[in-house]
Amino acid sequence: MVQSIRLIFLGPPGAGKGTQAQILAESHGIPHISTGEILRAAIANETELGQQAQGFVDRGELVPDSLILDLIRERLQQPDAQQGWILDGFPRNVSQAAFLNTLLAELSQQCNVALNLEVPDSTLIERLLSRGRKDDNQETIRRRLEVYREQTAPVIDFYQKQGSLQSVNGDRLPEEVTAALKDAIAS
Ligand code: AMP
């Protein structure tokens, strides 16, 4: 029997969410849904969403919830997401987390676990500077870390209170992180 796996990845920019989400998505045969990737593709394709999102992404700010919520609602209803999914970069604030709870109840889906990757700031900055994405310059990185602390870190408490949080040390070799995440999912 195929077991449905629905995971949320939390953690600051540069924590390795994208890398780890991709590995786990491949091993479980489920989609890796990255709102950052969706927005970057929309910006590259100059769609209406991309045009509305670009300024926020370039400044390291969150794009308004109104641009993201419908997109998630539609994405989780796609055929490939019915056996599970991994969310990377969503929810990014407490109102998105509350929206996701309501949406999942509506869709009769349940998230297994919210995985929180813990990495110290010094490692994050080092990793982000070596990544070379357009929004990975010094100033934007500083703003993204601030936005993370102010708006996204409270999402950790939200899932802690809900009893679905598992924190994993992300400051080690990628394969060690993957193994620890697999243990956390299985526990
Ligand atoms: P990421 O690839 O997850 O680091 O996201 C890159 C950028 O996309 C962020 O700095 C935000 O500007 C935007 N973004 C991604 N996901 C969200 C979200 N769930 N809510 C608001 N903005 C987002």
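Throughout, numbering of the chain's residues begins at 1 and tracks the sequence. In this text the structure is predicted, and so the values were computed from the model without any measurement. When a ligand or atom number is given, it counts from 1 through the structure's own listing order.
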Considering only protein heavy atoms, which is closest to [atom], and at what distance to one decimal place?
atom	result
atom 7 (C) of ligand 1	Val57 CG1, 4.1 Å
atom 19 (N) of ligand 1	Gly89 O, 2.9 Å
atom 1 (P) of ligand 1	Arg92 NH2, 3.5 Å
atom 22 (N) of ligand 1	Val63 N, 3.1 Å

**Message:** Between Leu165 and Leu10, is there a side-chain heavy-atom distance shorter than 4.5 Å?
**Reply:**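 Yes, at least one pair of side-chain atoms sits under 4.5 Å.
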
**Request:** Indicate yes or no: at least one non-hydrogen side-chain atom of Leu87 is less than 4.5 angstrom from one of Leu7.
**Result:**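 Heavy-atom side-chain distance check fails, nothing below 4.5 Å.
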
**Asked** Using heavy atoms and a threshold below 4.0 Å, how should the contact between Gln96 and ligand 1 be classified: side chain, backbone, both, or neither?
**Response**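 Just the side chain.
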
**Request:** Would you kindly specify which portion of Leu62 sits under 4.0 Å from ligand 1, judged on non-hydrogen atoms: side chain, backbone, both or neither?
**Result:**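 For Leu62, backbone and side-chain atoms both sit under 4.0 Å from ligand 1.
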
**Message:** Less than 6.0 angstrom from the centroid, inside 45 degrees of the normal: does Arg144 satisfy that with respect to the ring of Tyr148?
**Reply:**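 No, cation not above the ring by the 6.0 Å, 45° rule.
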
**Asked** Is Ile72 reachable from Leu62 through a run of hydrophobic residues whose side-chain heavy atoms are each under 4.5 Å from the next?
**Response**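 In one cluster with Leu62: Ile72, no.
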
Just jot down the ligand 1 atoms closer than 4.0 angstrom to any heavy atom of [X], in number order.
X	value
Glu61	11 (C), 12 (O)
Arg133	1 (P), 2 (O), 4 (O), 6 (C)
Arg40	2 (O), 6 (C)
Leu39	8 (O), 13 (C), 14 (N), 15 (C), 23 (C)

For the residue pair [Y] / [X], report whether a side-chain donor-acceptor contact shorter than 3.5 Å exists.
X	Y	answer
Asp65	Gln96	yes
Asn45	Thr47	no
Asp88	Gln20	no

**Request:** Nearest heavy atom to atom 17 (C) of ligand 1 wins, so pick from Asn93, Leu71, Thr35.
**Result:**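 When every heavy atom of Asn93, Leu71, Thr35 is considered, Thr35 comes closest to atom 17 (C) of ligand 1.
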
**Prompt:** Are there more than 12 heavy atoms of other residues, nucleotides or ligands under 6.0 Å from atom CD of Glu46?
**Reply:**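 No, the 6.0 Å shell around CD holds no more than 12 heavy atoms from other groups.
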
